[in-house]
There are 2 protein chains.
Amino acid sequence: MPHSSATGSLDSSQEGLCSERHAASLATAGPLAVTEAQRMAEFLNVLADPTRLRLISLLAAEEYCVCDLASNLGMTDSAISHQLRALRAARLVTYRKVGRQVFYQLHDHHVLELYQTVREHLNEES
Amino acid sequence: MPHSSATGSLDSSQEGLCSERHAASLATAGPLAVTEAQRMAEFLNVLADPTRLRLISLLAAEEYCVCDLASNLGMTDSAISHQLRALRAARLVTYRKVGRQVFYQLHDHHVLELYQTVREHLNEES
DNA sequence: CAAATACATGAACACATGCTCATGCATTTG
DNA sequence: CAAATGCATGAGCATGTGTTCATGTATTTG
């Protein structure tokens with residue numbers, strides 16, 4: 001058996017036996033189950049698009065209607081509307097209708113924080 | 001002109017005039033340029049895959065050789081090797097060769113932190 | 001040295017994705 | 001009411017992605 005028998009180290013309680021860790025770590029420790037990995041990937045995929053990231057960067061400052069988002073990004077209303085649909089489905093944005101305009105904004109601070117975290121991480125290294 | 005003239009609010013220095021903000025915010029404020037959005041999307045795309053996320057979740061605990069990663073995920077060595085190639089290209093993992101085995105580990109704490117941040121965010125809401 | 005092992009890699013295929021174009025719907029305006 | 005505006009949506013197409021399969025390379029073993 002040439003394999004490094006990784007199963008043998010499952011008992012390793014890494015760094016002493018500290019059974020008191022905050023809830024977040026408890027829920028997010030260990031290998032990812034397939035279903036959770038899929039949900040996580042689905043969510044990240046929504047963020048992993050240049051157009052949607054630029055939309056989020058705009059909405060991070062203030063709310064915009066669709067056509068203003070489109071003109072800011074130099075794209076068609078249709079393209080933007082399609083992407084906003086994806087952002088809505090992922091619950092990353094909300095909207096309110098005013099007359100025939102629809103104003104979008106980030107769903108909550110959660111989205112902004114995650115976006116900024118990733119952006120900062122990329123601006124730090126290499 | 002029906003548009004909500006978003007250009008008129010470019011001067012808004014949001015929340016009083018505070019010219020003293022930490023470096024991270026300074027570098028990551030304002031709308032994303034196309035090139036930066038692309039780089040950010042490229043990076044996120046590497047994370048946005050169930051297989052690669054599961055690989056990262058395993059490597060978060062300890063280093064693994066390719067075939068152990070494969071057997072843990074119930075996938076072929078080839079599929080895993082291809083995905084590890086992507087993780088290497090994105091500088092998310094490093095490796096060391098021991099005999100004919102290759103042991104992979106996360107590149108640095110940076111990767112682990114970002115991964116855990118996203119995972120926790122998803123476990124919190126809705 | 002020959003066979004086996006651990007891994008890497010290119011080609012190919014199925015599938016997903018983002019845009020454009022055409023169209024539809026709701027609201028406002030003349 | 002009719003035309004125009006702002007936005008949503010489905011179809012279609014070009015492009016990208018993840019896996020399998022076949023093959024190649026380096027190392028170990030008999």
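- Minimum heavy-atom separation, B/A37 to A/L53: O-CD1, 3.6 Å.
- OP1 or OP2 of C/dC19 sits under 4.0 Å from a side-chain N or O of A/Q83.
- Following rounding to the nearest Å, A/M75 (CE) and C/dC21 (P) show an atom-to-atom distance of 13 Å.
- Atoms CG (A/L69) and P (D/dA8) sit 10 Å apart, rounded to a whole Å.
- Atoms CD (B/Q101) and C1' (D/dT27) sit 11 Å apart, rounded to a whole Å.
- Between the CG atom in A/L58 and the CG atom in A/L106 there is a gap of 10.0 Å [rounded to 0.5 Å].
- The distance from the CG atom of B/L92 to the NE2 atom of B/H107 is 9.0 Å, given to the nearest 0.5 Å.
- At the phosphate of D/dC7, neither OP1 nor OP2 sits under 4.0 Å from any side-chain N or O atom of A/Y64.
- A/T117 places none of its side-chain heavy atoms less than 4.5 Å from the side chain of B/V118.
- To the nearest angstrom, P of D/dT5 lies 19 Å from NZ of A/K97.
- Put simply, CZ on B/R119 and CD on A/E36 are 4.5 Å apart, with the number rounded to the nearest 0.5 Å.
- Here the P atom of nucleotide C/dA8 and the CD1 atom of B/I80 are 11 Å apart, to the nearest Å.
- B/Q38 has its CD atom 11 Å from the P atom of C/dC19, to the nearest Å.
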Might you list the N or O atoms of the protein lying below 3.5 Å from N or O atoms in nucleotides 9-11 of chain D, with each pair's distance?
| unit_1 | atom_1 | unit_2 | atom_2 | d |
| --- | --- | --- | --- | --- |
| D/dT9 | OP2 | A/R85 | NH1 | 2.9 |
| D/dT9 | OP2 | A/R88 | NH2 | 3.2 |
| D/dT9 | O4 | A/S78 | OG | 2.7 |
| D/dG10 | O6 | A/H82 | NE2 | 2.8 |

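- A/Y95 comes within contact range of no nucleotide atom at all, as no heavy-atom separation falls under 4.0 Å.
- Remark: B/A33 engages B/T35 in a side-chain contact (heavy atoms from CB on, under 4.5 Å) (not counting sequence neighbours).
- With rounding to the nearest 0.5 angstrom, the CG atom of A/L44 is 13.0 Å from the CG atom of A/D49.
- When the C1' atoms of four end pairs are superposed on the next four at each end of the helix from C/dC1-D/dG30 to C/dG30-D/dC1, using five pairs per end, the two resulting axes differ in direction by 10°, to 10°.
- Scanning all heavy atoms of the two residues, the minimum distance from A/S57 to B/P31 falls at OG-CA, 3.4 Å.
- The side-chain contact (heavy atoms from CB on, under 4.5 Å) check on A/Q38 picks up A/V34, B/P50, with sequence neighbours excluded.
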Table please: side-chain donor-acceptor pairs of residues 79-89 of chain B below 3.5 Å, with sequence neighbours left out.
| unit_1 | atom_1 | unit_2 | atom_2 | d |
| --- | --- | --- | --- | --- |
| B/Q83 | OE1 | B/R52 | NH1 | 2.8 |

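- Rounded to whole Å, atom P of C/dT17 lies 14 Å from atom CG of A/L44.
- Here the rule is side-chain contact (heavy atoms from CB on, under 4.5 Å) with A/F43, and of A/N45, A/V46, A/L47 only A/L47 fits it.
- Listed by chain and residue number, A/Y104 satisfy the ring pair (Phe, Tyr, Trp, His ring centres under 6.0 Å) test with A/Y95 (two or more places apart in sequence, or in another chain).
- Contacts with DNA chain C (heavy atom under 4.0 Å) in residues 46-58 of chain A: A/D49, A/T51, A/R52, listed by number.
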Quick test: give all pairs of protein nitrogen or oxygen and nucleotides 28-30 of chain D nitrogen or oxygen below 3.5 Å, distance rounded to 0.1 Å.
| unit_1 | atom_1 | unit_2 | atom_2 | d |
| --- | --- | --- | --- | --- |
| D/dT28 | O4' | B/R100 | NH1 | 3.4 |

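- Under the side chain to side chain donor-acceptor pair (under 3.5 Å) criterion, B/E113 pairs with B/H109, sequence neighbours left out.
- The nearest whole Å value for the distance from the CG atom in A/L73 to the C1' atom in C/dC19 is 14 Å.
- Within the 4.5 Å cutoff, side-chain heavy atoms of B/F103 are placed close to those of B/Q101.
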